[in-house]
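Contents: one structure, followed by commentary.
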Amino acid sequence: ILGLHPWLAEVLALNPQGENQLQNYLNSLEKLIGLDPATCAIGEIGFDKVHSQIVNWAWQNKLFIAQYRLAQKYALPIVIHCVKSYGYLLEALSQLSRKFKEPLLKGLIHAFWGSPQLALRLVKLNFFISLNSRLLWNAKASTSEGKNSKLTALAKVIPLSQLLLESDAPWGLPSSTYTKELCSLLAPYWKVEAAQLQERAQANLRLFYNLPANN
């Protein structure tokens with residue numbers, strides 16, 4: 001996966017030669033894509049409110065649009081990083097759809113923890129929704145019945161066919177242990193066994209990246 005993270009917008013905004021620097025970054029990115037036949041997606045691209053000032057939204061948009069067009073050129077899916085900025089993301093996608101009159105690219109929303117209503121909008125745009133390890137921590141705040149109302153609502157709007165799970169383990173758990181714990185937590189909400197959920201998520205991942213079945 002190759003791409004320019006939205007945090008780069010801050011660097012570009014502070015550089016008087018930001019436009020030239022952006023073009024240099026994009027040229028380098030395209031060169032790498034051409035050199036590496038194993039490139040399977042462009043990402044993480046998107047928008048991030050937490051790590052940016054208002055002045056950087058224009059640069060984040062430039063980064064996103066340019067890389068989206070690059071993904072179109074090479075028929076690659078996109079991995080989206082979006083933190084408290086879904087309005088900007090949806091507006092950018094709307095502009096792209098209107099301008100180029102093409103179906104939206106296949107996309108993956110990394111580490112999603114937005115509202116069920118937002119999840120439904122993204123699902124209708126055919127995005128895969130990836131859930132991550134914060135759910136293990138949020139589970140500790142579940143109700144006395146052992147149910148998390150937000151997960152219950154998300155399970156109603158995110159179909160298994162568009163569900164992915166994060167495989168990183170930022171709090172030190174081995175990836176395999178973390179994945180099993182996450183599957184055990186989520187499986188009851190999607191009304192499947194943990195092993196079935198893990199198998200389906202792996203199949204969805206292969207589908208998203210166009211990987212052979214043995215990967």
Does any N or O in the side chain of [X] come within less than 3.5 Å of the main-chain N or O of [Y], such that one atom is a donor and the other an acceptor?
X: N132; Y: E166; result: no
X: S130; Y: A111; result: no
X: K150; Y: G114; result: yes
X: N15; Y: V11; result: no
X: K106; Y: Y209; result: no
X: W59; Y: L22; result: no

Any side-chain heavy-atom pair from [X] and [Y] closer than 4.5 angstrom?
X: Y189; Y: I158; value: no
X: F112; Y: L122; value: yes
X: I129; Y: V123; value: yes
X: L197; Y: L163; value: yes
X: P77; Y: L108; value: no

Discussion item. Among residues at least two apart in sequence or on other chains, which ones pass ring-ring contact (aromatic ring centres under 6.0 Å, His included) with Y25?
Written reply: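 None.
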Worksheet item: Checking K62 against W57: charged group under 6.0 Å from the ring centre and within 45 degrees of the axis?
Response: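 No cation-pi geometry.
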Using 0.5 Å steps for rounding, measure from the [atom1] atom of [X] to the [atom2] atom of [Y].
X: R121; Y: L118; atom1: CZ; atom2: CG; value: 7.5 Å
X: Q162; Y: R200; atom1: CD; atom2: CZ; value: 10.0 Å
X: I78; Y: H110; atom1: CD1; atom2: NE2; value: 14.0 Å
X: L120; Y: L154; atom1: CG; atom2: CG; value: 10.5 Å
X: Q198; Y: K180; atom1: CD; atom2: NZ; value: 7.5 Å
X: L89; Y: F127; atom1: CG; atom2: CZ; value: 6.0 Å

Worksheet item: Under the side chain to side chain contact (heavy atoms under 4.5 Å, CB included) criterion, do L186 and L151 qualify, and how do the steps go?
Response: CA-CA 8 Å; L186 296 179; L151 279 177; 3.7 Å; yes
Worksheet item: Can you hop from L29 to W7 via hydrophobic side chains spaced under 4.5 Å?
Response: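 No, no single cluster joins them.
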Discussion item. Quick check on the hydrophobic clustering: are L4 and V83 connected, directly or via other members, by side-chain heavy-atom contacts under 4.5 Å?
Written reply: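 Different clusters: L4 never reaches V83 through Ile, Leu, Val, Met, Phe, Trp or Tyr contacts under 4.5 Å.
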Give the table of side-chain donor-acceptor pairs shorter than 3.5 Å for residues 30-46, with sequence neighbours excluded, one pair per line with atom names and distance.
unit_1	atom_1	unit_2	atom_2	d
E30	OE2	K73	NZ	2.5
E30	OE2	Y74	OH	2.8
D36	OD1	A38	N	2.9
T39	OG1	D36	O	3.0
E44	OE1	H5	NE2	3.4
E44	OE1	H81	ND1	3.1

Practice prompt. Apply the test side chain to side chain donor-acceptor pair (under 3.5 Å) to residues N20 and Q17: give CA-CA distance (whole Å), side-chain angles for both, the deciding distance (0.1 Å), then the verdict.
Written response: CA-CA 5 Å; N20 291 335; Q17 300 298 318; 3.0 Å; yes
Worksheet item: Which atoms form the tightest heavy-atom contact between A201 and L164, and what is the distance?
Response: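 That closest heavy-atom pairing would be O-CD2, 3.5 Å.
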Item to complete: Check the pair L63 / L12 against side chain to side chain contact (heavy atoms under 4.5 Å, CB included), numbers first and verdict last.
Response: CA-CA 10 Å; L63 274 171; L12 296 171; 4.1 Å; yes
Item to complete: Among Q21, Q67, R69, find the residue that satisfies the side chain to side chain contact (heavy atoms under 4.5 Å, CB included) test when tested with L26.
Response: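 Going through Q21, Q67, R69 one by one, the side chain to side chain contact (heavy atoms under 4.5 Å, CB included) with L26 is satisfied by Q67 alone.
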Item to complete: For F128 and N204, run side chain to side chain contact (heavy atoms under 4.5 Å, CB included): C-alpha distance rounded to whole Å, both residues' side-chain angles, the deciding distance at 0.1 Å, then the answer.
Response: CA-CA 8 Å; F128 287 78; N204 289 344; 4.0 Å; yes
For residues 92-100, run the donor-acceptor check on the side chains, cut-off 3.5 Å, and write out each pair with its distance to 0.1 Å, sequence neighbours left out.
unit_1	atom_1	unit_2	atom_2	d
S94	OG	R98	NH1	2.5
Q95	NE2	E91	OE2	3.0

Item to complete: Check step by step if side chain to side chain contact (heavy atoms under 4.5 Å, CB included) holds for Y86 and I80.
Response: CA-CA 11 Å; Y86 280 98; I80 294 178; 5.9 Å; no
